[in-house]
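Notes follow once the structure below has been shown.
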Amino acid sequence: MNKKIPISQQKALIDISEKQKIPFSQLLKKYDINYDCLQYINNSHINDDFIQPFETLDDIAKSTDSIPAVSFFSGAGGLDVGFDYAGFNNLISIECNEIFCNTLRKNNSKKIVIGPPDYSGDISQRDELVEILIDKGVTIPFNGVFHGGPPCQSFSIAANQRFSKNGDKFKRKGFDDEEKGTLIFDYLWFIKKFMPLAFLIENVEGIADFDTEGKIQAELESLKQYGYKVTEPKIVNAANFGVPQNRMRWIVVGTRGTSPIKLPQPSDNVTPCGSVFTRELGGVPNHITREHTAQSVNRYMILNYGERDKLGRVDRLDPRLPSKTVIAGGTKGGGRSHLHPFSPRTLSVRECARLQTFPDTYVFTGATARQFTQVGNAVPPLLAYKLALAIKDAISDYYD
């Protein structure tokens with residue numbers, strides 16, 4: 001941990017920077033000080049219970065099982081990572097964003113990635129994608145698992161709050177979003193076409209608000225005609241499953257196994273985020289912190305735990321609680337990060353990835369702003385791991 005400098009010295013440096021027009025980052029370097037040496041004025045006592053190590057994939061041994069899986073809407077690979085640790089072999093990932101595809105390839109050179117630059121990765125192009133999947137060895141029926149989270153921006157409150165309330169983009173369009181609003185039905189079509197042993201669908205909780213006509217429910221009911229046992233849509237908070245972050249997700253699972261699916265039960269307790277920020281960061285990838293101005297640090301340093309800087313619209317995290325939801329954003333706009341609970345600065349990509357429970361060995365590619373987007377769009381791998389274990393148990397009779 002970096003040794004904190006006295007508040008009096010911190011204020012003096014801010015004053016020098018503002019009066020002499022010296023960039024604050026340059027001034028800190030002159031005195032061999034980094035942003036983690038700075039501190040907040042208001043620091044309540046933190047009980048040791050809130051900074052105890054929590055469950056991470058870094059400490060979990062990967063299963064040696066190799067149940068085949070195909071990942072739809074793979075993003076940066078949150079679901080892929082969780083299923084991988086649970087004993088699934090993610091043969092193929094389908095993703096339409098080239099930067100995300102680069103991250104998938106970076107972390108697994110053997111994986112087949114159906115996406116740019118060689119493919120569109122667009123699952124609405126059904127016939128084209130069916131040919132590609134069959135060519136890559138996906139059989140009908142498929143003796144493995146499909147998992148995926150159709151794009152959630154059309155249904156997400158958080159995604160739309162980035163825009164002006166007076167702008168067209170602020171309104172959640174739901175199924176009326178011609179580009180992304182109906183991709184969940186394309187995904188369900190592929191499930192019926194390939195008949196995997198099991199499938200997982202995840203999305204934001206806001207998707208339930210748009211199913212007033214029962215379109216999704218009707219499609220899920222129709223899967224029963226194909227021999228699937230389908231769970232009722234369930235909204236879960238990742239913080240009740242060991243993730244140090246409040247993140248609400250809409251989950252549906254279906255299986256063709258003889259055993260009923262038993263989804264993991266949420267803990268009565270939530271996971272505080274404090275211990276995320278007591279772990280060492282030396283040598284880990286994607287840990288580049290933003291060089292804030294003296295004016296920004298001056299505003300941040302007076303915040304209490306959980307309080308928001310209204311100008312920058314960033315929140316100081318409370319280490320005694322789960323983190324607020326990690327939001328897709330960047331270092332130069334397009335979203336907002338959170339403030340470190342112990343140092344008056346925004347979080348790095350790696351710190352956000354730890355809140356999401358990505359292993360430290362997982363690398364995000366592209367510009368820093370796009371790395372934030374990848375992390376913020378992902379399903380927490382630890383949640384995915386626990387869901388994958390439940391699916392694995394439900395289809396175990398096939399592999400016994």
Side-chain angles (χ1 to χ4, degrees), residues 67-80 83 88-105 108 110-155 173-203 207 210-211 213-228 230 252-256 377 379 391 395:
I67 302 170
V70 175
S71 170
F72 289 73
F73 316 103
S74 304
L79 281 171
D80 293 36
F83 272 76
F88 290 84
N89 180 12
N90 288 283
L91 302 171
I92 296 172
S93 293
I94 305 166
E95 172 54 48
C96 65
N97 185 303
E98 186 166 3
I99 296 174
F100 291 17
C101 290
N102 291 340
T103 290
L104 294 168
R105 296 182 181 107
N108 186 348
K110 296 181 181 180
K111 178 187 290 186
I112 297 170
V113 178
I114 300 177
D118 299 321
Y119 306 97
S120 71
D122 182 359
I123 81 158
S124 68
Q125 305 300 312
R126 296 177 178 180
D127 293 340
E128 175 186 357
L129 186 53
V130 166
E131 288 186 17
I132 296 171
L133 288 173
I134 292 175
D135 180 64
K136 300 299 183 184
V138 181
T139 58
I140 302 175
F142 178 56
N143 296 324
V145 174
F146 281 4
H147 58 79
C152 64
Q153 292 91 336
S154 306
F155 310 100
K173 295 181 179 180
F175 301 132
D176 294 331
D177 185 334
E178 295 180 0
E179 181 183 359
K180 299 176 180 177
T182 59
L183 288 174
I184 186 172
F185 300 111
D186 292 301
Y187 179 37
L188 288 163
W189 183 88
F190 276 93
I191 291 170
K192 294 176 181 178
K193 178 71 176 179
F194 282 91
M195 295 287 291
L197 284 177
F199 65 84
L200 167 71
I201 311 173
E202 74 80 33
N203 214 287
I207 194 171
F210 287 90
D211 199 29
E213 297 179 6
K215 293 179 181 179
I216 295 175
Q217 193 59 43
E219 283 294 312
L220 294 176
E221 284 292 324
S222 71
L223 286 168
K224 295 177 182 179
Q225 300 173 20
Y226 291 75
Y228 285 103
V230 183
V252 174
V253 175
T255 66
R256 289 196 290 110
N377 279 338
V379 177
I391 292 172
I395 62 174

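Keep in mind it's a predicted model, so treat the numbers as computed, not measured.
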Under 3.5 Å donor-acceptor pairs involving side-chain atoms of residues 136-143, not counting sequence neighbours:
residue: K136; atom: NZ; partner: Y119; partner atom: OH; Å: 3.2
residue: T139; atom: OG1; partner: P141; partner atom: O; Å: 2.8
residue: N143; atom: OD1; partner: Y398; partner atom: OH; Å: 3.2
residue: N143; atom: ND2; partner: Y398; partner atom: OH; Å: 2.8

Legend entry - V130 to F190 - nearest heavy-atom pair and separation: CG2-CE2, 3.7 Å

Legend entry - pair I67-N89: side-chain heavy atoms closer than 4.5 Å: no

Inset, instruction - Please report the shortest heavy-atom distance between F185 and R126, naming the atom on each side. - result: O-NH2, 3.9 Å

Legend entry - Nearest-0.5 Å distance, CD1 of residue I112 to CG of residue D135: 9.0 Å

Legend entry - Nearest non-hydrogen partners of V113 and C101, listed with the distance: CG1-SG, 3.8 Å

Legend entry - Smallest separation among heavy atoms of P150 and E202, with atom names: CD-O, 3.6 Å

Legend entry - OG on S74 to CG on N377, rounded to 0.5 Å: 12.5 Å

Legend entry - For the student: nearest non-hydrogen atoms of H147 and L79, plus distance: ND1-CB, 3.6 Å

Inset, instruction - Drop me the distance from N97's CG to N102's CG, to the nearest 0.5 angstrom. - result: 8.5 Å

Inset, instruction - For a ring pair (Phe, Tyr, Trp, His ring centres under 6.0 Å) with F146, tell me which candidate from F88, Y187, F72 qualifies. - result: F72

Inset, instruction - Could you grab the distance from atom CG of L129 to atom CD1 of I134, nearest 0.5 Å is fine? - result: 10.0 Å

Legend entry - Residue K111 excluded, over 12 heavy atoms near NZ under 6.0 Å: yes

N/O donor to acceptor pairs below 3.5 angstrom from side-chain atoms of residues 194-201, sequence neighbours left out:
none

Inset, instruction - Considering only NZ, NE, NH1 and NH2 on the basic side and carboxylate oxygens on the acidic side, decide whether K192 and E219 come within less than 4.0 Å. - result: yes

Inset, instruction - Starting at CG of L104, measure out to CG of N90 and round the result to the nearest 0.5 Å. - result: 9.5 Å

Inset, instruction - Ignoring hydrogens and angles, state whether a donor on the side chain of D80 or S71 is under 3.5 Å from an acceptor on the partner side chain. - result: yes

Legend entry - Value rounded to 0.5 Å, distance of CD1 in I114 from CD in E95: 12.0 Å

Legend entry - Atom of G121, atom of I94 and distance for their closest heavy-atom approach: O-CG2, 3.8 Å

